[in-house]
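When reading the values below, keep in mind they use all heavy atoms of this one structure, side chains included, and skip hydrogens, waters and symmetry mates.
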Amino acid sequence: MLKLDCRHLKNFIASHEYSTIKSQIERAHKFLHSEESFCDNIGWVELPRNYDVLEFNKIIEVAKKIQKDSDILVVVGIGGSYIGARAAIEFLKSDLYNNLPKNTPDIYFVGNSASASSLSDVLELCKDKRISLNVISKSGTTTEPAIAFSVFKEFMEKRYGKKDACSRIYCTTDIEDGDLKSIANENGYETFAIPRNVGGRFSVLTAVGLLPIAVSGANISELMRGASIAHDNLLDEDLEKNHCYKYAAIRNILYRKSKQIEVMAFFEPRFSFLGKWIEQLFGESEGKDHKGIFPTSMIFSTDLHSMGQFIQDGSKNIFETMLFIDHVGKDITVNDNDQIKSLDFLKGKTMSWINKKVFESTAIAHSDGFVPTLILHAKDAFETTLGYIFYFLEKACAISSLVMGVNPFDQPGVESYKKNMFALLGKAGYESRKEILIKKLNKC
C-alpha cells in the first residue's frame with residue numbers, strides 16, 4: 001500500500017552502507033518487539049490488532065449521535081491530541097472540509113494555542129449552531145486546552161443549561177486518574193480512554209483521533225484495517241522486504257552524512273496537515289540529546305515557487321521525502337483556451353496528469369541538484385491507505401530514533417517551556433524560578 005522508491009538515491013548511498021546499518025536495524029526491531037522495550041509507551045505497536053472493540057463500537061455510535069444532533073463539533077486539544085485527527089479529516093475529505101456542503105458537522109480545533117483572537121472566532125462561529133464538545137487530554141491540566149475547555153464549558157452551559165450541556169460534552173482522557181477524568185465523573189460526561197501505554201504523538205488510532213475522524217464521516221474500520229495490514233507487513237527485518245525499515249535506515253545513513261533536515265513534500269494541499277503530524281512525530285521523538293533530523297513539510301508545486309530555489313541550490317544539508325498518491329478522487333480536464341495560445345500543449349490534459357509531471361520533474365531536478373530524494377508512493381487516498389501510512393511512519397520513526405540512539409517516547413525538552421510558563425503565570429511552587437526568569441527578562 002505504501003512503497004519506497006529509491007531510484008534517486010543511487011548517487012548518495014552505496015549498497016555496502018545498507019549492509020553496515022542492517023545489524024542496528026535488527027537490534028532496534030528486536031528491542032521494539034521485546035519485553036525489554038519501553039513497555040509503558042509501545043501500546044501503539046500492537047494496537048491495530050489489540051484495540052478495545054467495545055470502545056471502538058462506542059466511538060462509532062457516539063459519532064452518529066453527534067452527526068444527528070450537532071452542526072459543529074469543537075475539538076479541544078493540543079499536539080498529539082488534535083494534529084492526527086485534523087490530518088486525517090483533511091487527508092480523507094478536504095482542507096476545505098468545513099466550507100463544503102455535506103451531511104456531517106463542521107469540525108473546529110481549539111485549545112492548540114494561547115490566542116484569545118482565535119478562540120473568540122470559533123465562539124462566534126458557534127453562535128446559533130448546535131454544538132458538541134470533545135475535550136482531549138490525559139491529565140486535563142495542560143494550560144492551552146484547559147483554558148479552551150473552561151471557556152466552551154461555560155458557553156455550552158449558558159446555551160443549553162448544565163444538564164443538557166453534559167449530554168453534549170465528551171472527554172477523551174486517562175481511564176482512571178487526572179483532573180479531566182474527575183470532572184467527567186462529577187458531571188456525567190461520556191468518556192473515552194487514552195491508553196496509558198500510548199503516547200500523544202502515537203495516539204491517532206485511539207479514541208484521541210478516531211472520534212473526530214468518525215464524526216467527519218470517514219470509515220474508521222477501514223482506517224484500522226489499513227493499520228493492521230501495515231502491522232503484519234512490517235515485521236520482516238530484511239531491508240529489501242520491509243520498506244519501513246529501509247526508510248529508517250536511509251534516514252540514518254543520510255544523517256551521518258550531515259543531512260540534518262528532511263523536507264516532507266506532498267502534492268495535494270489537503271495533505272498539508274499530515275505534514276504537521278509528521279513534524280511532531282519525528283521532531284518530538286528524535287530531537288533530543290543534541291541529535292535528530294529536523295523535519296519540515298511543504299506542498300508542491302505551491303512551495304516550489306517560494307522554497308524551490310533554496311532546495312535546488314541552497315545549503316546541502318537537506319534530503320527530501322516525497323509522498324505521491326496516484327488517485328485522490330477528483331480531477332479536472334484543461335480545455336481549449338483561446339486567450340493563452342502558449343498553453344495549447346496542455347489542451348485535453350487532466351490536472352492529475354499534470355501534477356504527476358510536476359512530481360516527476362521535481363524529483364529529477366532536486367536529485368540532479370545533489371538533494372537525496374526518496375519517494376513514498378501509494379495508489380489512492382482512502383481510509384485503508386491512510387491507516388497504513390500512519391502505522392508505517394510511526395514504526396519508521398521509532399526504529400530510526402532507536403538507531404540514532406535516543407528514546408523515541410519521551411519529550412524532556414517540552415517540559416522546559418512549561419515550567420517557565422507556569423512560573424511567569426504565577427503558579428504555586430514556581431516562585432524561585434519566577435525570580436530567576438524575571439532577572440533574565442530584565443537583562444534582555
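T172 and N134 form a side-chain donor-acceptor contact under 3.5 Å, judged by distance and modelled atom types alone. For the residue pair N317 and S258, no side-chain donor N or O sits within less than 3.5 Å of a side-chain acceptor on the partner. For the residue pair H29 and N242, no side-chain donor N or O sits within less than 3.5 Å of a side-chain acceptor on the partner. S400 and N252 form a side-chain donor-acceptor contact under 3.5 Å, judged by distance and modelled atom types alone. Side-chain atoms of S113 and E144 include no donor-acceptor pair closer than 3.5 Å. When only modelled atom types and interatomic distance are considered, K102 and Y97 share no side-chain donor-acceptor pair under 3.5 Å. For the residue pair Y170 / K65, a side-chain donor-acceptor distance below 3.5 Å is found, with atom types taken as modelled.
In this structure a side-chain-to-backbone donor-acceptor pair under 3.5 Å is missing from S228 to M224. Of the possible donor and acceptor atoms, none in the side chain of Y391 sits under 3.5 Å from a partner among the backbone N and O of I229. Checking side-chain atoms of D5 against main-chain N and O of L374 turns up no donor-acceptor pair under 3.5 Å. Of the possible polar contacts, one joining the S139 side chain to the T141 backbone as a donor-acceptor pair under 3.5 Å is found. Under the 3.5 Å distance criterion, the side-chain polar atoms of T373 are left unmatched by any main-chain donor or acceptor of H8. A donor-acceptor contact shorter than 3.5 Å is absent between the side chain of H366 and the backbone of V371. Side chain of N219 to backbone of E222: a donor-acceptor contact under 3.5 angstrom is found. Listed for the S285 side chain is a donor-acceptor partner under 3.5 Å among the backbone atoms of L281. With hydrogens and angles disregarded, a donor-acceptor distance shorter than 3.5 Å links the side chain of S216 to the backbone of I213. In this structure a side-chain-to-backbone donor-acceptor pair under 3.5 Å is missing from N187 to Y189.
With rounding to the nearest 0.5 Å, the separation of CD1 in I299 from OG in S306 is 11.0 Å. Distance check, rounded to the nearest 0.5 Å: CD of E286 to CD1 of I293 gives 5.0 Å. Taking CZ from F266 and CD1 from I325, the interatomic distance works out to 9.0 Å, rounded to the nearest 0.5 Å.
With R86 as reference, F109 is the one residue of Y108, F91, F109 to meet the side chain to side chain contact (heavy atoms under 4.5 Å, CB included) rule.
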Test log, rule ring pair (Phe, Tyr, Trp, His ring centres under 6.0 Å), inputs F202 and F409: CA-CA 9 Å; F202 292 86; F409 307 116; 5.4 Å; yes

Residues V198, I194; criterion side-chain contact (heavy atoms from CB on, under 4.5 Å); working and verdict: CA-CA 7 Å; V198 178; I194 302 176; 5.7 Å; no

Test log, rule side chain to side chain donor-acceptor pair (under 3.5 Å), inputs E279 and S297: CA-CA 7 Å; E279 288 173 9; S297 58; 2.7 Å; yes

D177/R196 under side-chain contact (heavy atoms from CB on, under 4.5 Å): CA gap, chis, key distance, verdict: CA-CA 11 Å; D177 300 324; R196 288 184 168 179; 2.9 Å; yes

Pair H33-E46, side-chain contact (heavy atoms from CB on, under 4.5 Å): steps then yes or no: CA-CA 9 Å; H33 287 273; E46 298 299 326; 4.2 Å; yes

Stepwise side chain to side chain donor-acceptor pair (under 3.5 Å) check, Y255 with K291: CA-CA 10 Å; Y255 176 60; K291 300 177 183 178; over 6 Å; no

V204/E394 under side-chain contact (heavy atoms from CB on, under 4.5 Å): CA gap, chis, key distance, verdict: CA-CA 10 Å; V204 64; E394 286 177 347; 3.9 Å; yes

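Counting only heavy atoms from C-beta outward, the side chains of R130 and Y160 approach each other to under 4.5 Å. The shortest distance between side-chain heavy atoms of L304 and T362 falls below 4.5 Å. Contact annotation: the side chain of Y51 never approaches that of T206 to less than 4.5 Å [non-hydrogen atoms, C-beta and beyond]. With contacts defined as side-chain heavy-atom distances shorter than 4.5 Å, the pair M156/R168 qualifies. Between F282 and R201 there is no side-chain heavy-atom pair separated by less than 4.5 Å.
Aromatic pair F12/F319: ring centres not closer than 6.0 Å.
For the pair K419 and Y430, the cation-pi criterion (under 6.0 Å, within 45° of the ring axis) is not fulfilled.
Note on ring orientation: taking the six-membered ring where Trp is involved, the planes of W277 and F390 are perpendicular (angle over 60°, cut-offs 30° and 60°).
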